[in-house]
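Data block below; observations after.
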Amino acid sequence: MRIVFMGPPGAGKGTQAAILSKTLGIPHISTGDIFRANVTEGTPLGLEAKKYMDAGEYVPDGVTNAMVRDRLTHDDARPGFILDGYPRTVEQVAELDAMLRSAGTKLDAVIELTVDIDEVVQRLVKRAAEQGRPDDTEDVIRRRLQVYAEQTAPLIAVYDSHGILTQVNGLGEIAVVTVAIAQAVNAQ
Ligand code: AMP
């Protein structure tokens, strides 16, 4: 299955995508994780991405699309994948469509985790402290949520019009959210 997880930062996409990845035996591909790994390793990609990440802005589409295009050609992604944090812009949606079309495949499901914004800010502030992400200040967090609302939230209507979107309340217990996601995936 080829699945996309959407929802604002802090909605629990990473947690849920990791669980579903184990259940389905397909890779969990998080563009944020790939960028962070590159920042840690100090690669040219990491140095480029860091400028944007630190400000809560999106890394330019050209950079992000090339990275995903490469990742999706790895053998483990052939039977399927869960994309977490991609696509995030209209251009990324078009690029992903083109990548899948040229491989003769398409997306099976888009899961949107819905949350209350104030709750999410609290979660992210806590996570920044726990995971040692000192750059994740409340200002940067609010900027990331604003960028999400402006650039990414509109994509939800696009996937809805394709008939592959399911909205799941992300605010419940982790196990409850997992069950709701599994039902949504099975239904597709
Ligand atoms: P995340 O962990 O998914 O919230 O991603 C952390 C940061 O990485 C984001 O705030 C962006 O700066 C960058 N990033 C991750 N995915 C994308 C994407 N699809 N397009 C642009 N920037 C991204």
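Read the numbers this way: they start at 1 and go in the same order the structure lists the ligands and their atoms. Quantities reported herein were computed from a predicted structural model and do not represent experimental measurements.
In this model, a donor atom of one side chain and an acceptor atom of the other lie less than 3.5 Å apart for Asp61 and Gln92. Under the 3.5 Å distance criterion, with hydrogens and angles disregarded, no donor-acceptor pair is assigned to the side chains of Glu112 and Thr166.
Annotation for Ala184 and Ile111: closest pair CB-CD1, 3.8 Å, computed over non-hydrogen atoms.
The hydrophobic cluster around Leu145 extends to Val115, Ile117, Val120, Val121, Leu124, Val125, Ile141, Leu171, counting ILVMFWY residues whose side-chain heavy atoms fall within less than 4.5 Å of a member.
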Donor-acceptor pairs under 3.5 Å, side chain of residues 149-158 to any protein atom, not counting sequence neighbours: which ones?
{"from": "Glu150", "atom 1": "OE2", "to": "Gln146", "atom 2": "NE2", "distance (Å)": "3.3"}
{"from": "Thr152", "atom 1": "OG1", "to": "Tyr58", "atom 2": "OH", "distance (Å)": "2.6"}
{"from": "Thr152", "atom 1": "OG1", "to": "Arg88", "atom 2": "O", "distance (Å)": "2.6"}

Taking distance alone, no hydrogens or angles, what donor-acceptor pairs closer than 3.5 Å link side-chain atoms of residues 23-39 to residues at least two apart or in another chain?
{"from": "Thr23", "atom 1": "OG1", "to": "Ile19", "atom 2": "O", "distance (Å)": "3.0"}
{"from": "His28", "atom 1": "NE2", "to": "Asp84", "atom 2": "OD2", "distance (Å)": "2.8"}
{"from": "Ser30", "atom 1": "OG", "to": "Gly32", "atom 2": "N", "distance (Å)": "3.4"}
{"from": "Ser30", "atom 1": "OG", "to": "Asp33", "atom 2": "N", "distance (Å)": "2.9"}
{"from": "Thr31", "atom 1": "OG1", "to": "Gly85", "atom 2": "O", "distance (Å)": "3.0"}
{"from": "Asp33", "atom 1": "OD1", "to": "Arg36", "atom 2": "NH2", "distance (Å)": "2.9"}
{"from": "Asn38", "atom 1": "OD1", "to": "Thr43", "atom 2": "OG1", "distance (Å)": "2.7"}
{"from": "Asn38", "atom 1": "ND2", "to": "Ile34", "atom 2": "O", "distance (Å)": "2.8"}

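Listed by chain and number, residues touching ligand 1 at under 4.0 Å (heavy atoms only) are Thr31, Gly32, Phe35, Arg36, Met53, Glu57, Tyr58, Val59, Thr64, Gly85, Tyr86, Arg88, Gln92, Arg144.
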